[in-house]
Each structure stands twice: as C-alpha cells, then as structure tokens.
Asks: 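Just dropping this structure here.
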Amino acid sequence: MKSYFPKDFLWGGATAANQVEGGSGIDGKGLSVSDVYLFDSSMPKERWTDQWHMMTHQQVAEAQDPNSTKYYPKRQGIDFYHHFKEDIRLFAEMGFKAYRMSIAWTRIFPKGDEVDPNEAGLAFYDAVFDECLKYGIEPVVSLSHYEMPLYLVTEYGGWPNRQVIDFYVRFAKTVIERYQKKVKYWVTFNEINCVKHHPYVSVGIIEEGHPNIEQEKYQGAHHQFVASAIVTDYCHRLIPDAKVGCMISYQLLTPYSCDPDDVQKTVESQRTSLFFSDVQARGYYPAYTNRMFEEKGVELVIEPGDLEVIRENPVDFVSFSYYMSSAVSAHPERLESAVGNLITGGIKNPYLPSSKWGWQIDPKGLRTALNQLYDRYQKPLFIAENGLGAEDVVNEDGTIDDFYRIDYLRQHIEQINEALHDGVEVFGYTAWGCIDIISASTSQMSKRYGFIYVDQDDEGNGTKKRIKKASFDWYKKVIASNGATL
Ligand code: BG6
C-alpha cells in the first residue's frame with residue numbers, strides 16, 4: 001500500500017491514569033471519581049454500564065468506607081505504578097513514537113483544594129516521562145481523564161461550582177511548570193463532550209434526584225471551557241513550542257434513512273456533540289447554541305471576561321477518540337434498536353457489524369470523521385483513541401492470537417491513509433489501551449484492547465504478568481514501515 005503517513009507521524013498507544021496506575025492511597029494519592037466504580041459479577045450486566053452513566057449517592061458514600069470489602073478495580077488498575085518501566089520498555093520495543101497518558105490529579109492534589117502539591121506524586125511522573133524520553137517516546141498528556149478528585153464532588157458539587165476552575169488551574173499550572181522541559185503536547189480534558197452521557201465522571205455531578213440536570217451539565221462545561229482557555233494561555237506563554245489540544249469522543253452519526261426528518265435530526269445530534277470542539281477550536285459559542293439552550297431550558301451564568309478568554313485561546317489541535325458510528329432516526333420507536341450495549345443508545349446500522357459490547361464497527365467512518373473535522377476546523381488532527389475491546393484467550397503454549405484486533409486496526413489505519421491522501425492533516429495515532437487495562441464503562445478487565453496481555457481477571461486476581469499478543473509484532477511492523485505494511 002502506498003503510505004501517505006508523514007515521516008514524523010506520531011504512532012503510539014494510549015492509556016489513562018485511573019485505568020492503569022493502581023497505587024491507590026500510596027504516596028499520598030487521594031480518591032478520584034473513578035475509584036468509586038464497582039465490579040461485582042453478581043450485579044446484573046446492564047448495571048455495569050448503568051453506574052457509568054449514573055452514579056448514586058449511596059455508592060459514593062459506600063466507596064468512602066475504609067472498611068469496605070467491595071472490589072473497586074480502578075484503585076488497582078494493572079499496577080502500572082510499579083510496572084511502568086517494564087511497560088514503557090515494551091512500548092519502545094514496538095517502536096512507539098508517542099505515548100498518550102494522563103496525570104492523576106489526585107496524586108498531585110489528593111483532595112483537589114490544597115494549596116501545595118504532593119511532591120511524591122510529582123516525582124512519579126518525572127520518572128515516567130524520563131522513561132519515555134529515554135526511548136525517544138513523546139508524551140502526550142491529558143490533564144483530566146475521568147479522574148477529578150472525589151472530594152471536589154462531595155464537598156463542592158463538581159464543575160458547576162465555579163471554584164473548581166481555580167483548583168484545576170492550580171493543578172494544571174503546577175504540572176505544566178514542572179514538566180515544561182519534558183512534555184510538549186497537552187490535552188486539557190478527555191472527551192469533553194461526554195458530559196452529555198455521563199455527567200458524574202465528566203463534571204462531577206451526581207445526577208440522581210437532580211432537579212435541573214441540563215443546566216448543571218452545561219454550566220459545568222462552560223467552566224471547563226474557561227479553565228481550558230486559561231491553561232492554554234499559560235502553556236503557550238511558558239513553553240513556546242507547546243501544542244495544546246481539545247479532545248472529544250467522535251461517534252460518526254449517519255441518518256438512518258433519507259427521510260428529511262432523519263437527516264435534520266442527524267445534523268442536530270451531531271451539533272450537540274461537536275458543540276464542545278466548536279467552542280474550543282473556534283473560540284466562541286456558535287450561533288446554533290441559542291436555540292439548543294432554549295430547548296434544553298439552559299441559562300448559562302457567564303462572568304465578565306469568560307468569553308474573551310475563550311476567544312483569545314483556541315486550541316492548537318483537535319484530538320478525538322473513534323470507536324464506532326451510529327445511525328440516527330427521528331422515529332426510533334419504529335425501529336429495532338441496537339443489540340447489546342451501543343453505549344450512547346444509538347440505532348443499529350444494518351450494514352455494519354458490532355463488537356460483543358454492541359459497539360458498531362465502521363472503519364470507513366473514520367475517514368469520513370477525519371474529513372468532517374478537518375473541513376470544519378482546518379486544524380491538525382490527532383487520533384487519541386481507537387481500538388477493539390474483545391475477550392482474548394491465552395493458548396496452552398502461552399500465545400494469544402488476536403487476529404480480530406489486527407483486522408480492526410488494519411482497516412482503520414487504511415482509512416487514515418485514505419484521509420491523508422484526501423489532504424487531511426493528521427499528525428498522530430495512539431491505539432487505545434495499548435496494554436490491557438480496566439474498562440472505563442464496565443470496569444471489566446476482560447474487555448481488552450491491548451497489544452500486551454495482562455494476566456489479571458475481572459475480580460483483580462492474577463499474576464499481572466505481561467504477555468505479547470500476535471498484534472504486538474504486527475503493530476511493530478506497521479510503525480517500522482510508517483504505515484506501508486499493514
Ligand atoms: C473512551 C475513554 O471513551 O473509551 C477511555 O476515553 C475508555 O477511558 C475507552 O477506556 C474505551 O471504553 P471502554 O468502556 O471499553 O473502556
């Protein structure tokens with residue numbers, strides 16, 4: 001295949017602190033919002049994802065009980081806290097040029113409102129970045145990936161409270177200053193548009209019994225826009241060649257039919273998602289916001305100076321996760337809904353297969369997505385997440401034949417190549433969960449994405465031994481050939 005990948009393309013992998021690190025309570029780390037998700041195999045399967053969408057007050061209270069015997073998988077992760085040297089060495093062996101990761105806010109400011117940072121937490125990331133740089137791996141760092149301090153939720157009510165802007169900015173400035181010589185690529189918020197689907201983990205709202213949830217969600221998002229703009233400004237002043245990006249979950253939406261109602265509904269649905277990158281990439285609230293807020297009953301409280309700071313500090317690049325597409329219908333009641341767990345409740349597209357978790361697989365949709373985003377923003381794009389969650393089996397001889405994952409990734413990388421040929425500017429691709437990690441939405445270990453298997457089960461048992469899968473050697477060749485050998 002003729003490769004259109006630029007020669008300095010950032011091939012790599014991605015993880016998030018709350019899903020890999022473990023080391024809960026060690027060296028001063030505090031509890032984050034993600035540390036509250038349970039895994040309990042006796043729970044009905046639907047509840048595994050329900051808790052992701054809607055956290056309850058009772059669960060948050062129980063999770064803070066020091067005598068609890070329940071299993072909270074994200075407190076254990078895959079113990080990257082103690083294995084990071086081995087893991088990064090394996091990434092280097094595959095030839096990674098970039099590693100997208102996040103800094104756990106609770107390792108630096110355990111409760112979130114402290115004045116002074118925790119030195120042990122800062123020292124940990126110094127060691128992680130040094131290890132990456134030793135192998136020539138560029139860290140791409142998310143400042144907030146579903147891991148705000150739990151204390152800011154229980155004591156301050158999360159992001160709808162304007163004070164949280166100051167806490168985040170203090171955290172962000174602390175780490176940007178500390179790692180200014182080591183990190184050039186920064187992402188202010190992971191999947192900032194997902195507040196629509198899971199407000200607890202995104203902006204720290206416990207939705208249960210809340211009288212006006214839409215108002216709270218968008219007020220929280222507004223505060224994140226302001227915080228992101230302040231941090232973008234700071235980063236640009238401190239690190240002249242820094243690149244700061246926004247990050248959204250991009251689920252390509254297509255009309256279920258050519259019924260004009262389906263087409264219009266698709267435009268509206270797409271806007272409720274792209275609204276977030278519209279604000280961050282263009283620097284202002286788009287005209288359609290007025291009607292959108294009117295229909296949702298939202299009246300934002302905007303302080304003097306907010307719109308100016310947003311306008312003056314748009315992001316340098318747009319990054320996104322891409323796993324699936326979804327069809328949109330104005331009349332979903334007439335259709336058979338998606339089988340399984342199509343996570344955002346979309347309509348099944350009859351032309352596409354789905355993963356075991358109901359995520360609809362659409363490689364060509366990635367080319368469309370890249371073209372749409374580039375047409376819309378004319379800014380460099382970074383594919384921050386893409387991959388297949390699947391159950392892997394270790395053969396008797398210890399090998400793992402994850403050919404289904406290779407197929408998935410190959411088909412998606414082919415489409416990135418097509419988009420590059422179309423003229424889209426894409427500068428990096430970090431495969432999600434490059435090493436097996438705890439699933440964000442279901443808290444399972446058995447929903448695996450990695451090139452590297454981790455011997456650990458859903459209950460947290462196992463040796464944590466790292467084993468290369470078939471996809472490990474395959475991805476190594478992809479990187480070595482700069483996308484020519486797929
Ligand atoms: C993205 C998140 O939405 O999807 C990741 O940024 C997450 O944190 C990934 O892990 C895959 O989702 P899941 O639920 O399969 O882990």
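We count ligands from 1, going down the list as the structure has it; atoms in each ligand are counted the same way.
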Asks: Check each heavy atom of Trp357 against ligand 1 and say whether those closer than 4.0 Å belong to the side chain, the backbone, both or neither.
Replies: neither

Asks: With a 3.5 Å cut-off and no angle check, do the side chains of Gln58 and Thr56 form a donor-acceptor pair?
Replies: no

Asks: Once you restrict to heavy atoms under 4.0 Å, what part of Ile437 touches ligand 1? Side chain, backbone, both or neither.
Replies: neither

Asks: Could you tell me which atoms of ligand 1, counted from 1 in the order shown, lie closer than 4.0 angstrom to a heavy atom of Ser439?
Replies: 13 (P), 14 (O), 15 (O), 16 (O)

Asks: When only distance counts, is Tyr146 in polar contact with ligand 1, meaning an N/O pair under 3.5 Å?
Replies: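 Between Tyr146 and ligand 1 (N or O atoms, distance only) the closest approach is not under 3.5 Å.
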
Asks: Ignoring hydrogens, just give me the one of Gln251, Glu147, Gln19, Glu385 whose non-hydrogen atom is nearest atom 4 (O) of ligand 1.
Replies: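 Ranked by closest heavy atom to atom 4 (O) of ligand 1, first place is Glu385.
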
Asks: Looking at ligand 1, does any of its N/O atoms fall within less than 3.5 Å of an N/O of Lys447?
Replies: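 Between Lys447 and ligand 1, an N or O pair is found under 3.5 Å apart.
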
Asks: Please step through side chain to side chain donor-acceptor pair (under 3.5 Å) for the pair Thr430 and Glu385, ending with a clear verdict.
Replies: CA-CA 6 Å; Thr430 46; Glu385 296 182 25; over 6 Å; no

Asks: With heavy atoms under 4.0 Å as the rule, classify the contact between Trp359 and ligand 1 as side chain, backbone, both or neither.
Replies: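 The answer is the side chain of Trp359.
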
Asks: Is Lys468 positioned over the aromatic face of Trp474, cation under 6.0 angstrom from the ring centre and no more than 45 degrees off axis?
Replies: no

Asks: Can you name the residues that form a side-chain hydrogen bond (donor to acceptor under 3.5 Å, both in side chains) with His57, not counting sequence neighbours?
Replies: none

Asks: Under 6.0 Å from the six-membered ring centre of Tyr453 and within 45° of its axis: does the NZ or CZ of Arg466 meet both?
Replies: no

Asks: What do we get for Ser321 next to ligand 1 when only non-hydrogen atoms under 4.0 Å count, side chain, backbone, both or neither?
Replies: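 No part of Ser321 is near ligand 1 at this cut-off.
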
Asks: Hey, mind stepping through Asn386 and Tyr449 against side chain to side chain donor-acceptor pair (under 3.5 Å) and telling me if it holds?
Replies: CA-CA 9 Å; Asn386 172 239; Tyr449 287 85; over 6 Å; no

